[in-house]
Amino acid sequence: MLVRAKKHLGQHFLKDQNIARKITESLLPVTREVLEVGPGTGVLTRYLLEMPISLRAIEIDAEAVEHLHATFPEHRHQIILGDFLKLPLAPSPLSIIGNLPYNISSQIFFKVLEHRDAIPQVVCMIQKEVAERLSAPHGNKTYGILSVLLQAYYTIEYLFTVSEHVFDPPPKVKSAVIRLTRNARDKLGCDERLFRLIVKTGFNQRRKTLRNSLKNILPAGFTSDKLALRPEQLSVDDFIDLCNQINTPPPCNNLN
Ligand code: SAM
């Protein structure tokens with residue numbers, strides 16, 4: 001049975017079995033529960049089902065789910081028709097794996113962040129440019145909002161690049177596989193809302209120094225060495241420090 005590739009669902013089916021195996025082997029044995037996002041025609045699912053894990057897969061396309069149920073009849077109950085973005089995630093730890101639909105990869109990462117304490121690991125294939133951006137260290141031109149927000153809670157490794165020619169239909173861009181592993185940071189240690197606001201506002205005008213881009217947010221008279229920098233020059237810890245400086249009242253010199 002064939003599944004017609006649907007552009008609006010970001011469907012580009014991987015044809016190369018060696019790459020499929022390499023992606024599934026990138027999953028570290030961190031959790032027993034594993035959720036595959038967007039199994040499509042099952043190229044990763046086949047290898048995942050051979051692993052000593054408890055697998056579920058969620059796919060939004062009914063035609064693909066019908067194909068998967070016919071291909072893996074004894075695993076029908078593990079392959080669910082649904083939208084990952086609407087799926088309630090149980091608090092028990094699970095790893096996520098998938099060749100992600102590129103059009104919603106940012107939304108998927110925001111959901112991962114929201115449930116970060118239940119998701120110790122993500123292995124995924126995404127657009128190469130996005131993979132580079134997410135894994136970039138500070139000081140790099142491509143480092144941006146989602147790099148900071150995700151790196152606050154995850155170590156991100158760029159694993160390997162995948163050519164557009166191993167997909168049917170081929171996408172216009174190259175792809176890459178990355179692995180996110182939850183780091184030891186439990187809380188940011190600063191006002192999280194302010195942190196997100198500063199990161200987003202700073203990067204929305206990334207060519208300006210923070211003194212200029214943040215001027216409507218900073219308290220009157222606030223000063224810091226970091227304000228002379230542009231946002232990509234700040235590490236996650238620098239952003240946390242800046243938030244704490246903003247929220248700490250200056251020492252009072254007038255004690256009499
Ligand atoms: N895993 C397959 C492969 O490697 O060939 C398919 C990958 S394809 C790039 C992305 C898959 O995600 C498609 O099968 C698509 O239907 C599915 N998908 C798109 N949006 C989704 C969503 N919100 N929830 C679950 N699956 C989704």
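Every number for a ligand or one of its atoms is a count from 1 in the order of the listing. Everything numeric in this text was worked out from a predicted model, so none of it was measured.
- Given atom 4 (O) of ligand 1, the protein heavy atom at minimum distance is N99 ND2, 2.8 Å.
- The distance from ligand 1 to the heavy atoms of G10 drops below 4.0 Å at these ligand atoms: 8 (S), 9 (C), 10 (C).
- The closest side-chain donor-acceptor pair between D61 and Q11 falls under 3.5 angstrom.
- Between F203 and F239, the ring-plane angle classifies as tilted under the 30° and 60° cut-offs.
- Listed by atom number, the atoms of ligand 1 under 4.0 Å from V43 heavy atoms are 3 (C), 4 (O), 5 (O).
- Of all protein heavy atoms, the one lying nearest to atom 14 (O) of ligand 1 is E59 OE1, 2.7 Å.
- At a cut-off of 3.5 Å, with distance as the only test, a side-chain donor of Q245 or S224 sits close to an acceptor on the other residue.
- Defined by atom type and a distance below 3.5 Å, a donor-acceptor pair is missing between the side-chain atoms of S213 and T201.
- When each atom of ligand 1 is checked for a heavy atom of I58 under 4.0 Å away, the hits are 25 (C), 26 (N).
- Summary of contacts: the protein heavy atom closest to atom 27 (C) of ligand 1 is I60 CG2, 3.6 Å.
- Both the sub-6.0 Å distance and the 45° axial angle are satisfied by R116 relative to the ring of Y153.
- The shortest N or O to N or O distance between D61 and ligand 1 is not under 3.5 Å.
- Close contacts of ligand 1 with P39, meaning ligand atoms under 4.0 Å from a residue heavy atom, involve 1 (N), 2 (C).
- Ligand-side atoms of ligand 1 in range of G40: 6 (C), 14 (O), range being under 4.0 angstrom from any heavy atom.
- A continuous path of hydrophobic side-chain contacts links L227 to L234 [ILVMFWY only; heavy atoms under 4.5 Å].
- The shortest N or O to N or O distance between G38 and ligand 1 is below 3.5 Å.
- Within the listing of ligand 1, atoms 9 (C) sit less than 4.0 angstrom from a heavy atom of L100.
- Protein heavy atom nearest atom 24 (N) of ligand 1, with residue, atom name and distance: F84 N, 2.9 Å.
- In terms of protein heavy atoms, atom 5 (O) of ligand 1 is closest to L14 N, 2.8 Å.
- A salt bridge does not link D16 with K22: none of the charged nitrogens is closer than 4.0 Å to a carboxylate oxygen.
- Under the 4.5 Å side-chain heavy-atom criterion for Ile, Leu, Val, Met, Phe, Trp and Tyr, I97 and L35 are members of distinct hydrophobic clusters.
- Ion pairing of E63 with K6 is present here, as a side-chain N (NZ or NE/NH1/NH2) and a carboxylate O approach within less than 4.0 Å.
- Between the side chains of H69 and E66, no donor-acceptor pair is found at a separation under 3.5 Å.
- Only the side chain of I104 comes within 4.0 Å of ligand 1, counting heavy atoms alone; its backbone N, CA, C and O stay farther away.
- In summary, the atoms of ligand 1 found under 4.0 Å from a heavy atom of G82, numbered by their order in the structure, are 24 (N), 25 (C).
- Taking a cutoff of 4.0 Å between a charged side-chain nitrogen and a carboxylate oxygen, R46 and E50 do not qualify as a salt bridge.
- When hydrogens are left out, the protein atom nearest atom 13 (C) of ligand 1 is Q11 CG, 3.5 Å; that is the closest non-hydrogen contact.
- Interface of D83 with ligand 1, defined as ligand atoms under 4.0 Å from a residue heavy atom, comprises 22 (C), 23 (N), 24 (N).
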